Amino acid sequence: MDLVQLQRQFVDYKTSLYHEGFLDEQFTQLQELQDENNPDFVVEVVSLFFEDSERLLNELARALEQQSIDYKRIDAHVHQLKGSSSSIGAQRVQKVCIAFRNYCEEQNVEGCLKCLQQVRHEYSLVKTKLESLFQLEQQILTAGGSIPIFSRVTKLLKGIYLLSSLSLYHIFSV
C-alpha cells in the first residue's frame with residue numbers, strides 16, 4: 001500500500017472512531033499536546049490508561065465478588081476509570097461509567113455487574129481501535145510520511161454536523 005493510501009486510510013479510520021463515539025474532542029486535544037520533543041506522548045499516555053484501566057477493572061470484579069459489597073469503594077474505582085477515560089477521550093467507556101456510578105449509588109449489584117460487563121466490552125473495543133490507529137500511524141511514519149493533521153478534519157466534521165443539525169431543526173420547526 002502506498003503512502004497516500006495509508007494516509008487516507010488513517011483519516012477514514014480516525015474519522016470513524018469519532019463518528020462511532022469511541023473518541024471525543026479530548027483525544028484531539030491530547031494529540032495537540034504532542035510535539036517533536038515528545039513524539040510518543042499520546043501513545044505513552046494511552047498506554048498508561050490501558051494499564052490503569054486493566055488494574056481498575058480487575059479490582060472492580062474482585063470487589064463485586066465479595067460477600068459484603070463496599071459500594072463506596074466500587075464507586076471510587078469507577079470514578080477513577082471515568083476520569084481517566086475522559087482524559088484521553090474514550091467517550092463510550094466514560095458513558096458506561098456514568099451509569100455504573102448510578103448503580104453504585106443505588107447499591108444495585110445486578111446493575112453494577114451488568115455495567116462491569118459493558119465497561120469491559122467498551123474498554124476492549126477502544127483499546128483494540130486505538131492500537132490499530134497507532135499501528136497505522138507507525139506504518140505511515142515508517143513509509144517516510146507524516147501523520148495527517150486531524151484538527152482541521154474534526155472542525156470540518158463538526159461544521160457539517162452543525163449544519164445538518166440546524167437544517168433538521170429548521171425542517172422540524174416549520
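The structure displayed is predicted, hence computed values, not measured ones.
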So how far is it from E25 CD to L30 CG, rounded to the nearest 0.5 Å? 11.5 Å
Between K14 and Q31: side-chain donor-acceptor atoms closer than 3.5 Å: yes
Can a donor-acceptor pair be found, under 3.5 Å and without considering hydrogens, that links the side chain of Q26 to the backbone of A90? no
Just wondering, do F27 and V46 contact through their side chains at under 4.5 Å, heavy atoms? yes
Flag, side chain of D35 to backbone of N38, donor-acceptor distance under 3.5 Å: yes
Where do H77 and R73 land on the side-chain contact (heavy atoms from CB on, under 4.5 Å) test, with the steps shown first? CA-CA 6 Å; H77 290 319; R73 182 171 161 233; 3.7 Å; yes
In short, A143 meets L3 closest at the heavy-atom pair CB-CD1, 4.0 Å
Cluster link L48 to L130, ILVMFWY, side chain under 4.5 Å: no
Mark yes or no for whether Q66, through its side chain, and R62, through its backbone, hold a donor-acceptor pair below 3.5 Å. yes
Is the backbone of H121 close enough, under 3.5 Å, to the side chain of S124 for a donor and an acceptor to pair up by distance? no
Does C115 form a side-chain contact (heavy atoms from CB on, under 4.5 Å) with R101? I'd like the steps, not just the answer. CA-CA 9 Å; C115 281; R101 292 195 72 199; over 6 Å; no
Non-hydrogen side-chain atoms of F22 and E122 separated by less than 4.5 Å: yes
Just verifying a value: how many Å separate L17 CG and L23 CG, rounded to the nearest 0.5 Å? 5.0 Å
Would you call V126 and R92 a side-chain contact if the rule is heavy atoms closer than 4.5 Å? no
Distance (rounded to the nearest 0.5 Å) between H79 NE2 and L56 CG: 11.5 Å
Regarding R55 and D52, does a basic nitrogen lie under 4.0 Å from an acidic carboxylate oxygen? yes
Nearest-0.5 Å distance, CZ of residue F100 to CG of residue D75: 9.0 Å
Could you tell me if the side chain of V119 sits less than 4.5 Å from the side chain of C97, heavy atoms only? yes
For the residue pair Y71 and Y103, establish whether any side-chain heavy-atom pair is separated by less than 4.5 Å. no
Considering residues, nucleotides and ligands other than E105, do more than 12 of their heavy atoms fall under 6.0 Å from its CD? no
Can you tell if the side chain of F10 reaches within under 4.5 Å of the side chain of E137, non-hydrogen atoms only? yes
SG on C104 to CG on L60, rounded to 0.5 Å: 7.5 Å
Decide yes or no on side-chain contact (heavy atoms from CB on, under 4.5 Å) for T142 and Q138, but give the supporting numbers first. CA-CA 6 Å; T142 301; Q138 194 56 50; 3.5 Å; yes
Reported CD-to-CG distance for the pair E131 and L136, which is rounded to 0.5 angstrom: 12.5 Å
Taking E54 first and then K127, would you say they form a salt bridge - that is, a charged N and a carboxylate O separated by under 4.0 Å? yes
Any side-chain heavy-atom pair of L57 and L81 under 4.5 Å: yes
Are any side-chain N or O atoms of S16 and backbone N or O atoms of Y13, one a donor and one an acceptor, separated by less than 3.5 Å? yes
Count the heavy atoms belonging to other residues, nucleotides or ligands that lie under 6.0 Å from CD of Q29, then report whether that count exceeds 12. yes
Verify, without hydrogens or angle tests, whether Q34 (side chain) and P39 (backbone) share a donor-acceptor contact under 3.5 angstrom. yes
Run the numbers on S85 and S53 for side-chain contact (heavy atoms from CB on, under 4.5 Å), then give the verdict. CA-CA 8 Å; S85 61; S53 296; over 6 Å; no
Say whether, by atom type as modelled, one donor and one acceptor occur between the side chain of Q94 and the main chain of K82 under 3.5 angstrom. no
Which heavy atom in I140 sits nearest to a heavy atom in S146, and how many Å separate them? CG2-O, 3.5 Å
Tell me whether V4 is reachable from I147 by hopping between hydrophobic residues (I, L, V, M, F, W, Y) whose side-chain heavy atoms are closer than 4.5 Å. no
Check for me, please, whether L64 and I98 land in the same ILVMFWY cluster - side-chain distances under 4.5 Å, paths through other members count. no
